[in-house]
Amino acid sequence: MPELPEVEAYRLLAEGALHREIAMVVAPDPWFLKGGIDAGMLDDVLVGRRFVEAGRIGKLLLLPVEHGPVVGIRFGMTGTLVVDGTSGVDGLLYAPRRHEPAWDRFSIGFADGGSLVVRDPRRLGGISLDPATAGLGPDAASLTVAELTAALAGSKAPVKARLLDQSRISGVGNLIGDEVLWRSGLSPQRAAGSLSTDELRTLHGALAEVIADLLARGGSHLGDLMEERHVGGRCPKDGTELVRATIGGRTSWWCPVHQH
DNA sequence: ATTGTGGCCTGCCCGC
DNA sequence: TGCGGGCAGGCCACAA
C-alpha cells in the first residue's frame with residue numbers, strides 16, 4: 001500500500017519522465033479520472049507538451065505540465081507507477097503480483113517511444129488536474145516537532161486517527177501509523193491532545209526515524225511491527241500478544257503492555 | 001468545527 | 001474441489 005515512502009519512490013522514478021514530449025494519452029477508465037475530467041481533456045492539455053517537474057505532498061504525486069495544468073496522481077492502496085517499463089516499487093503489499101493489461105488505468109506514450117503508466121488493480125487511486133493542495137497538512141517527511149504538536153493539539157480524537165488525517169499531516173498511512181506508535185510506546189487510543197511534551201518529542205523522533213528508514217529502503221518494506229499485524233502476532237519488543245481494534249476507521253494493532 | 005461511519009473498488013485468503 | 005464471505009486501506013461523502 002503506497003504511503004509516503006512509496007510515493008516518494010514514484011516521484012523519483014517520475015523524474016525520468018520529465019522534459020520528454022508527450023505523444024499519446026490512454027485513459028480507458030472513466031472511474032479513474034477524478035474531478036469531472038475525461039480522456040479528451042487529458043489529450044488536450046498533455047499531447048505535444050512535457051512534464052516539467054515531479055513533486056509530492058504526502059501521498060499525492062504532482063506533475064506540472066509546461067503551459068498547462070498540474071497532473072495529480074493518487075495511488076490508493078494498490079497503485080504503482082511504471083516508467084519505461086520500470087516499476088517504482090516491487091512487491092507492493094496487498095497488491096497482486098501478476099499483471100493484467102486492464103490494470104493499466106492511465107498511460108502516457110512519449111514521442112521517444114517510452115511510457116509512463118499508472119497501474120492499479122483495485123482502482124482506488126485516480127488522476128486529477130490541478131488538485132487542491134491547500135487542504136493538505138505539512139508533509140510527514142519534513143515535519144517539525146512544532147508542526148506535530150499543532151496537528152495533535154486540543155483534539156479528543158484518538159492519536160492514531162489524527163496521524164492518519166491528511167488535512168493535519170500528509171503522508172502517514174495505517175501501517176506507518178501503527179509502527180510509529182509502537183516505537184513510541186503510545187496507545188493508538190490515546191486522545192491526540194493528551195500527549196505530554198516528552199511524548200510528542202518521542203513520537204516526532206519515531207516518525208522521522210521510520211520515514212527516513214523506509215525512504216532509504218525505497219519504500220519496498222515496512223517496519224518491525226509489520227510482520228506481527230495478524231491474529232496471534234506478538235510484540236517484537238516484549239513478546240506480548242498484540243491486540244486489535246478499529247480506530248479512525250482502520251485496523252490498528254498494538255502492544256497492550258508497553259503502549260499506553 | 002470536529003469526530004465518526006459507511007461505501008467505493010477488487011483480488012486474495014480462509015473456512016466450509 | 002469449488003464457492004462465497006470477509007478482509008485489506010486510501011479517500012470521500014455524509015451524519016451527528
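So that the names make sense, note that chain A is the first sequence line, chain B the second, and so on, each numbered from 1.
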### Contact under 4.0 Å: T251(A) side-chain N or O vs dC7(C) OP1/OP2
no
### Query
So how far is it from S170(A) OG to E3(A) CD, rounded to the nearest 0.5 Å?
13.0 Å
### Query
Please walk me through it: do D198(A) and S196(A) pass side chain to side chain donor-acceptor pair (under 3.5 Å)?
CA-CA 5 Å; D198(A) 278 354; S196(A) 70; 5.5 Å; no
### Summary
note: L4(A), atom CG; dG10(C), atom C1'; distance rounded to Å ~ 14 Å
### Message
From CE of M77(A) over to P of dC7(C), roughly how many Å is that when rounded to an integer?
### Response
14 Å
### Task
Rounded off to whole Å, could you give me the CG-to-P distance for the D178(A) and dA8(C) pair?
11 Å
### Message
Could you tell me how far apart Q166(A) (CD) and dC11(C) (P) are, to the nearest whole angstrom?
### Response
5 Å
### Query
Is D112(A) paired with R20(A) through a side-chain N to carboxylate O contact shorter than 4.0 Å?
yes
### Message
Can you measure R229(A) atom CZ to dA8(C) atom P for me and round it to whole angstrom units?
### Response
8 Å
### Task
Give a yes/no answer on whether the side chain of T78(A) brings an N or O atom under 4.0 Å of OP1 or OP2 in dG11(B).
no
### Query
Between K59(A) and dC11(C), does any side-chain N or O lie under 4.0 Å from OP1 or OP2?
yes
#### Entry: Check ion pair E228(A)-R234(A) (N to O, under 4.0 angstrom)
no
### Residues that, via side-chain heavy atoms closer than 4.5 angstrom, fall in one hydrophobic cluster with V117(A)
V82(A)
### Query
For the pair made of CG in D165(A) and C1' in dT2(B), what is the distance, rounded to whole Å?
10 Å
### Message
Please report the distance, rounded to the nearest Å, between OH in Y10(A) and P in dG10(C).
### Response
12 Å
### Message
Are Y10(A) and F75(A) an aromatic pair, judged by ring center distance below 6.0 Å?
### Response
yes
### Task
Could you state the atom-to-atom distance from NZ of K156(A) to P of dA1(B) in whole Å?
17 Å
### Task
Determine, for R50(A) against E66(A), whether the closest basic-nitrogen to carboxylate-oxygen distance falls under 4.0 angstrom.
yes
Heteroatom pairs (N/O) under 3.5 angstrom, protein to nucleotides 6-10 of chain B:
| from | atom 1 | to | atom 2 | distance (Å) |
| --- | --- | --- | --- | --- |
| dC9(B) | O3' | R123(A) | NH1 | 3.2 |
| dT10(B) | OP1 | R123(A) | NH1 | 2.6 |

